[in-house]
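See structure below.
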Amino acid sequence: ILISHESPLQLLDKSLGYNDFQYILPYFYQRYPKYKEFMDNYQGLKILDNGLFEGEVPTIQELIQLIKETNTTIFIPSDEWNDPILTLKNAKYWMSLKKNGVLDPKLNLMVVLQGKTFGEIELLYRQCVDLGYRHFAFNHSSISYKNEIKGEYTDDTRAKVGRIQLIRQLWNKNVIKIDHWIHLLGATDITEFSYYNQALPGVINSIDSSSPIIKGIEEGLYMEENMKIKSKSKMELFLDKKISSKQEECILENIKIFKELINNK
């Protein structure tokens, strides 16, 4: 499983040592010259987000320009929170741009699977396969997890259990194929990641999460309890801030713990 952690500007160069790929956020790319220069010069795998989670989605023309400027490997077309119909409409539009030559035919498009139920998400998945999609992302905060997972759970645990059950269900029904690229967008409870390599080896291809960075800045080292609670802060709060040597030490140790968790060590 390839891993990327969104990092403050101060740690971008160090991220070359701990990230397997770079996850590009338009919000940062358009505002911070250092971030833009780093991402433009990076030679490895790049996944370009559409900006929905940050609450500021660029225009279609701006996104097309960003794809070209960053020479991105995988682009995530605009999705709509918990809305499979509008997400499908956007998926069709972006695939048409690729097929019509507006986008490089080698560019991979990745759809974020939105829906209010597991059934809606499964249908969207199948529809996007029919459109030609082979790259799919599952977010950490779908309302479907709350709607489908019953019992005495905290919201964070319900999100963890929900995403695991959804992916396992789609795999068992042969909706997810072994040649599909499956990406996990962030996490609520990072202990979720210890599940996949053990129970579904080879199914998950990549993960992006700012958790070990933000935890290291705000709280220090990962502890058993704070792994299970998502910070309410976003990376924007820390992107251009000075990171102390103590914070950096905690961040690097948290990243090590994060990788060990995924690899069940």
Side-chain angles (χ1 to χ4, degrees), residues 1-9 11-12 14-29 32 35 38-39 42 44-57 63 66-67 70 72-79 81 107-114 135-142 156 159-160 163-164 166-167 180-197 200 203-217 222 227 230-239 251-252 254-263:
I1 298 177
L2 303 179
I3 306 166
S4 183
H5 303 295
E6 295 146 16
S7 302
L9 299 179
L11 297 181
L12 283 179
K14 279 194 170 66
S15 77
L16 296 172
Y18 58 72
N19 278 346
D20 299 312
F21 65 95
Q22 296 295 338
Y23 192 88
I24 306 174
L25 296 172
Y27 189 88
F28 298 160
Y29 187 88
Y32 298 96
Y35 185 94
F38 177 84
M39 293 303 175
Y42 182 73
L45 172 69
K46 303 177 187 179
I47 298 180
L48 175 63
D49 190 77
N50 62 54
L52 178 67
F53 187 68
E54 282 65 43
E56 186 172 320
V57 179
L63 287 171
L66 283 171
I67 291 167
T70 59
T72 198
T73 316
I74 300 172
F75 170 65
I76 302 176
S78 304
D79 51 307
W81 287 117
L107 175 69
N108 297 295
L109 298 177
M110 175 188 285
V111 64
V112 179
L113 296 159
Q114 299 283 5
H135 294 66
F136 302 91
F138 293 82
N139 69 49
H140 68 272
S141 56
S142 171
D156 284 354
K160 164 190 168 179
R163 184 158 62 175
I164 286 173
L166 172 60
I167 292 171
H180 291 175
W181 185 287
I182 304 300
H183 180 81
L184 303 183
L185 290 161
T188 49
D189 175 350
I190 69 161
T191 62
E192 171 194 350
F193 297 139
S194 66
Y195 173 84
Y196 297 103
N197 264 342
L200 294 171
V203 175
I204 307 302
N205 298 92
S206 56
I207 294 170
D208 78 277
S209 173
S210 59
S211 172
I213 311 281
I214 291 177
K215 288 290 181 182
I217 294 172
Y222 272 140
M227 288 182 178
K230 181 176 174 58
S231 171
K232 291 182 171 57
S233 301
K234 294 183 180 181
M235 183 54 68
E236 179 190 358
L237 186 63
F238 311 109
L239 194 74
I251 286 168
L252 295 177
N254 286 349
I255 289 171
K256 180 182 175 184
I257 293 169
F258 191 97
K259 292 183 186 298
E260 289 174 347
L261 189 75
I262 289 175
N263 293 316

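Quick note: numbers below take in every heavy atom, side chains included, and nothing from hydrogens, waters or symmetry partners.
With sequence neighbours left out, Lys14 forms a salt bridge (charged side-chain N to carboxylate O under 4.0 Å, His left out) with Glu248. Every residue two or more places apart in sequence or in another chain that forms a side chain to side chain contact (heavy atoms under 4.5 Å, CB included) with Asp20 is listed here: Leu2, Ile3, Lys259. For Ser194, the side chain to side chain contact (heavy atoms under 4.5 Å, CB included) partners two or more places apart in sequence, or in a different chain, are Leu261, Asn264. Tyr29 meets the side chain to side chain donor-acceptor pair (under 3.5 Å) test with Asp40, Glu69; sequence neighbours excluded. With sequence neighbours left out, the salt bridge (charged side-chain N to carboxylate O under 4.0 Å, His left out) criterion links Asp189 to Lys160. A search for side chain to side chain contact (heavy atoms under 4.5 Å, CB included) contacts involving Thr72 returns Lys46, Leu48, Ile67, Thr70, Phe75, Leu107, not counting sequence neighbours. By the side chain to side chain donor-acceptor pair (under 3.5 Å) test, Tyr35 pairs with no residue at all, sequence neighbours left out. Scanning for ring pair (Phe, Tyr, Trp, His ring centres under 6.0 Å) contacts around Phe136 gives Tyr125, His180, with sequence neighbours left out. With sequence neighbours left out, the side chain to side chain contact (heavy atoms under 4.5 Å, CB included) criterion links Asn19 to Ser4, His5, Ser7, Ser15, Gln22. Applying the ring pair (Phe, Tyr, Trp, His ring centres under 6.0 Å) test to Phe38 and every residue at least two apart in sequence or in another chain returns nothing. Under the ring pair (Phe, Tyr, Trp, His ring centres under 6.0 Å) criterion, Tyr23 pairs with His183, not counting sequence neighbours. With sequence neighbours excluded, the residues satisfying side chain to side chain donor-acceptor pair (under 3.5 Å) with Asp79 are Asn50, Gln114.
In this structure, Phe258 has its ring center under 6.0 Å from that of Phe193.
In summary, of the residues considered (Val111, Thr73, Ile74), a side chain to side chain contact (heavy atoms under 4.5 Å, CB included) with His135 occurs for Ile74 alone.
Side-chain atoms of Tyr195 and Ile167, non-hydrogen and from C-beta on, never get closer than 4.5 Å to each other.
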